[in-house]
Structures are given as structure tokens and as C-alpha cells.
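Report on the structure given below.
These numbers come from a predicted model, not from an experiment. So you know, we letter chains A, B, ... as the sequences are listed, proteins then strands, and number each from 1.
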Amino acid sequence: MRGTLLVIFASHLTSMHIIRNKKTYFFLSGILALLSILSISIYGFRYSTEFTGGVIVEAFYADTRPEKEILEKSILVALPGTLSVSIRESGDQQYIIRTAHLKGEGERNALKEALTVGGKYQYEERRFSSIGPIFGKELATKALLALFLASLGIILYVALAFSNTHGSVSSWKYGVIAVVGLIFDILIPLGVFSYLSHIGITEIDLLFVTALLVILGYCTNDTIVVFDRVRENLRRDSEFREKKSFEHIVGASLWQTLGRSINTVLTVVIVLVAIFFFGGEVTKMFSLALLIGVISGVYSTLFFSTPLLVIAEKFSKR
Amino acid sequence: MWKHRLTALFLIFFGVFVGYFLFTSERGGFGSRFPFELGLDLKGGTHLLYKADVSKVSKSDKDSLMQSLRDTIERRVNIFGVSEPLVQVESGGIGSEGLEERLIVELPGVKDTEAAIKMIGQTPTLEFLLLKEGETPSKVAELAQAGKFEELQKMFIPTGLTGSLVRRADIEFNQTTNEPVVLLKFNAQGQALFADITKKNIGRYLAIFLDGEIKSIPVIRTEIPDGNAEISGGFTPEEAKRLARDLTYGALPVPVELVTSEVIGATLGREVVHNAIRAGLWGFVAVAFFLLFWYRLPGVVAIIALSLYSVLMLAMFKLIPVTLTAAGLAGFILSIGMAVDANILIFERTKEELREGKSIHDALVIGFRRAWPSIRDGHLTTLLAVGILYWLGGSAVIKGFALTFGIGVLLSLFTATTASRMMLLSISPNEKTEKKWQRLLFGCGVRSW
């Protein structure tokens, strides 16, 4: 048995299973990607205050917490110009309140006063952030630039590392395919989080962008291990003049690295689940994003990027 | 063989020693001068971000002005009495409207943001005060040294001459003594007032206070009707330059605007640390069980290597030192998961070689050699992404994460390739006397090989 997950399918599994059925898996990947794109284009993203600018307050009510509606009314009265106030429960005793940007000390104090609902409720101010909108725009630009540069760097590195690979697939194609797989790995969490932010569970914040970059780094690692094996097997093939088909070599490489792929992802998943359940509120959504990314990463390595190598080889031959 | 055993033993002892260092340094014993540096989000406090308006400043002056802004703000923060404040200048604004100069102020433990904002953003207080008759500059210096500022204040009489009346200040060198002096030029109102004061008080001392701190006490030698003043008195050129700068630009050399303010309560921070420790422990235990179950003896080795990795990471945080944030802690915990990967690659490769009938020792050596390119390429690409993250990160959250994660990736390269390898080689049985049960111990957890 190669991995616990696959035990049910073991009877169907031969080393060439994935490669032979690549069209089915491309179809599945396509549907997943399409769903993500649909979610993103329909729901878009709800950005956190870090990006849009505004005020976040975490108010902890030790004794009794006011009703959400009462609190909202109190805030809207205190800040007449404000159109939107978002109040989210966090635990049993805490609210996270978000409003648009406040001007000066007067409005800040008015908000603080409103949180006591005319002095009826006492709260502990665990966090009071007021973030300027210009700063947020810059963060978004930088994040996009970072994603772009990381992809470029990965293509270059892979192209360089695979430059002495035998066979008809040129080394830069390995890099491009790795990045195509990475786009998939990023698309899936983006789609899920677009939906989650739509139903109000989470928002797109800085930690989410960080998570995307980690997924990028981690999933490259995942893909490269399989590609490394392909490279090694190609070298062996040409040394021993075995003349196996490229398709066969890719299938064998995938099969040989399967145990590692699954076990590695399992350990990372174990750690992420620990962070999700025990790491507290701050890193909960961060670990969820990574969880989705890492799982789609191992999926795309096995069922998308590696089979894509075979397609690339067929095109190169023509 | 014995070389491997010695190296492995040394590494284990080293790990135990580092662990001991961590333990005692947290209990106030040996090494306690290396505490964990907690970021503001874990410690609680106030974080302020200002935008500096440098649009009217020439490019060549910009850096020195920002430096002077930093110094000024730091002086004010110090008066505020905060322990370990952080004041730093940052250039930002990639892609948007050109470069933007920013000032970051972090005040650990400060909860009253409004007071802090007032304190930092206040208008400059440059004052000219007349020393009372009978008092001497040496006594002033004595009191200033002793920090008795209240008594010091009582020795002076206000004159009404303040920084708002100075038009500009320059540094010059006295032609005979070659000593640096600061030249002041008052505006019309200041000129009249200054002439009046100097006329009436020849021979007395006129002290210059900046932000409540005494800057110099020049003596009035003659009446000065033209609004030009010269301050001399044993300056180094550096000091004179700074004084001229402070006088010309007031206390804040460039106008600043508060962009972002953030207060984090200390309870929230404590909770985050507590949660991170809990998540780290659970994650570690779960991974350890998995490794033990799946890889048997090599699994034990991996657990030891992982422990070594963890204590080394924590020691690095203390010694470098790395400022730990919530995201940084998550990065560290996540890197434990990644550190296992290198071990798994090696073990899986070794298992393949064992399956082909090689001896345990040979399988280990070949397994390592074959796994190495994958480990190297995987780690380097991850490092690449982390490096870009750190470089472009912008915010402390991302930088903190990238830093701990990056150190983790580098360190895991070391522990997997050195520690795991040495330990495994040192317990691998002799090829000729290899037993079946030994192969079983090195084999996979579920299958018999």
C-alpha cells in the first residue's frame, strides 16, 4: 500500500493509472478551476480593512455583551456620516467592529463611547486600528508584484536546474508547467475564499496573501520532487539505452514518488490542522487557506502538472 | 562508522545543551540576557504610522531630514517614558505616486493612543529662557545631569522668544578659534524682541530649550539689534550642525500626517502566544506519532532530528534576535511540517533501495544521495519565494513570517542532511551480520519491508 488515502482504489491502481486517465483528471481539474473562476467573478472578494482602509476595533465584554442590533444602532447614532458598520461576533464575549475611516480624535472617541451604549456596558479594548487607505493600496500592489516575481523566479530556477535533462522536453517547459500548476494551486484557495468572504466567514487580508505565497513555495517543492524523479529516470533510460516511452517514464516517476507525496502532505496537513484548532483566531483562516492550497498542490502535482509533461512532450515531437 | 557515531553523539549533546540554554535563559539563569523578542502584536501596545510630507524638500536633503525627523520623534518618545520604543523611517510606495517617506512609531505597553498621538505630533517647543540672577550655568548642567528637570525649570524666566520667531539657523566656523558656531536669524518680530532682551540683560545667560530639553546656554555679550544671534560654546561640528538643523526646522523638520494607528491590548497578545505554543505542541506530537507509526526506527531518528531542529530554531530567535509576531510563530510551526519533508524524502528513497535487496547501510547511503537533488531544489525554490516575500513584504506581519520561515528552511536543510544522516548511519547494522528483524525496524510501518 502506497498511501492510506488510496487504499480503496488500490485494485484499480497500476503505475500508469493517472497518466492513462489523464483526460479524466484534466476534466476534473478544469471543473475545479472553472468553479473557482466563477466564484471569483460572481462574488469577488471582500477585502479586509488592511487593504481598504478604515477602523477595526476588537471589544471584549467581560460581563455582558450588548445585542448586535443595539450596538449597531448606537454606533450609527454616534457617527452620523458613517454608512456601513460591520459587527462580527468573535467568541462569546467579543465583537469585532469595522467602520470606514474616522477623522480625528473626536470621531475615534465617539466610537469608543458608542461601544459602551451610553455607559451601560463595559468593555476592554483589545485592539483599535485605524488604517489609512493609501497604505492598503500599496500593500495590494506589492502583494501582486511579489506573486509575479516569485512565479518568474521559479520558472527561471526550474529551467536552470533542469537544463541538463535528457529527452525532447526542453527545460524551460518544466518551469512553465510547474507555474501553470501553481496558478491552479492558487486559483482554488482564491475561489474558496471568494465564496467564504461572500458568506461573511472571512475576509481577504494580509495573512491570506502571505498564505498564497507560502502555497507557491511549498507546491513548487512538491512538483519539483516529481520532476526531479522524471529527470533521473530519463538519465537512467539514456544510460542503459532502455528506450522506454516518455509517457512510461513519467508514469513510473509519479508512482515511485507517490508515497513521499502523500506522506509529506499528510504531515503538513497534521501541523496545519493543529494550527487551525489550537492556534487561536488570528491564524485560523491563515491555516485554512494553507490547508486548501497544500491539498490542491499535491492534487495538481499528481493529476495535473505531471500528466501535462506528457502532453508537452507530444507537442514537442510534432 | 565510529566517525558517524561520534558526530551523531555530538549533535545530540549539542541539541541537549541548546535546549538547556533555552530552559535556563527563560528562568532567569544562564543566558537570560537573550530573551525572546516579542513583536507589538504579542506584547500589546500602540503602533503609529506617519506619512512625511517631503514634497517641498530637495532630494539631496531628504535623507538627512528624515533622519532628523526620526531623532526628534525619538526624543519626544523618550520623554514619554516608554520602555524599548521603536522609531524607524521607511521608504515605500512602489507603483503608486512615487516614493513616499514614512515614520513608524511603536510604543510597547502604551494603551492611551490619543495621548501618544498628541505627544508625538505636537508643534515644536523652542524657547529662549533667561537664567535668573545668581544662578550659574554649571549648576544648570549639574541639575540636568541629575535629571531634576522641575528644579531646573525654576531657575529660568520666560522671555516670550520662541522657535516660531526664528527664520533660519546656519552653522559657521569662528575664524580665529576654528570652533563651530550656530548663527540664528530671527524674523521681524523676533528681531525686535531679541534686541530688547539683549539690551536689558548684558552679561546674563540666555538658555535655549528644545522640546523641554536644554540645548545650550550662551552668554549675552552685547545688544543685538539686527536679529542675528550667534550661539557658541564648545560644540563639536556634529552638535552644531544638529542644533542649526533643529532651530531651522523647529522640532519636526518635515510635516507629518498620521495614517494608521493601532492599539493592541496585552491580553490579546498573551492569548496568541499561549495558542501558538499549544498548536506547536499538538502539531509536534501528532507528527511524531505519524513518523513513528509509518517509519519505525528511522521515524525515531526523525523525531530526534526534529527536536534538534526546534531547539535550534528557538535559540536562533533568541540570538539573532528575531522579533516574534503571531504570523512569525505560525511560520515557525509550519516550518516543522516542512522540515519533516526532507526526512520523508530520504526515508522513502532508502526504502526503495531496501526493496531492491541492498544492505541497510548501502540503502541509506544511496537513499541519501538520490534524495539530495530533490531536497536541494525544493528548499531553494521555497527559499526563493520566501526571499521575495521578505524583500517586498512591506508590512511587519509578512516580514516576520518570511523571516522565521526562511530561517526554518535553511535550518531544516542542515538537520535533515546532517543530523538525520549521521544518526541513521551510526545505528545501521554491519552488512555481514545484518538480521531480518533489523531490516524490519528500518522498513515501512505497514508493509513488512
Looking at A:F162, does the NZ or CZ of A:R231 lie under 6.0 angstrom from its six-membered ring centre and within 45 degrees of the ring axis?
yes

In terms of heavy-atom pairs under 4.5 Å with chain A, the winner among B:L329, B:L281, B:V263 is B:V263

Please confirm whether A:R126 makes a cation-pi placement over A:F60, using NZ or CZ under 6.0 Å from the six-membered ring centre and within 45° of the ring normal.
yes

Heavy-atom pairs under 4.5 Å with chain A: which of B:G387, B:S374, B:G265, B:A385 has the most?
B:S374

Over all heavy atoms of both residues, which pair between A:G181 and A:S300 is shortest? Give the atoms and the distance, please.
O-OG, 3.9 Å

Interchain contact, A:L290 with chain B, by part (heavy-atom threshold 4.5 Å)
side chain

Side chain, backbone, both or neither: which part of B:F405 has a non-hydrogen atom closer than 4.5 Å to chain A?
side chain

Looking at B:E356 and B:R370, is any side-chain nitrogen of the basic one under 4.0 Å from a carboxylate oxygen of the acidic one?
no

Heavy-atom contact with chain A under 4.5 Å, split by part of B:I264
both

Is it the side chain or the backbone of B:V340 that comes within 4.5 Å of chain A heavy atoms, both, or neither?
side chain

Between B:E348 and A:N263, is a side-chain hydrogen bond (donor to acceptor under 3.5 Å, both in side chains) present by the stated rule, with each step listed?
CA-CA 10 Å; B:E348 288 289 334; A:N263 284 351; 3.2 Å; yes

Answer yes or no: is there an ion pair linking A:D222 with A:R260, defined by an N-O contact shorter than 4.0 Å?
yes

Proximal component of A:I224, with respect to chain B [non-hydrogen, under 4.5 Å]:
side chain

Contact class of A:K112 relative to chain B, heavy atoms under 4.5 angstrom
side chain

The interface call for A:I154 against chain B, heavy-atom contacts under 4.5 Å, is both

Quick check on the interface: out of B:V386, B:L384, B:I277, B:L345, who has the most heavy-atom pairs with chain A under 4.5 Å?
B:L345

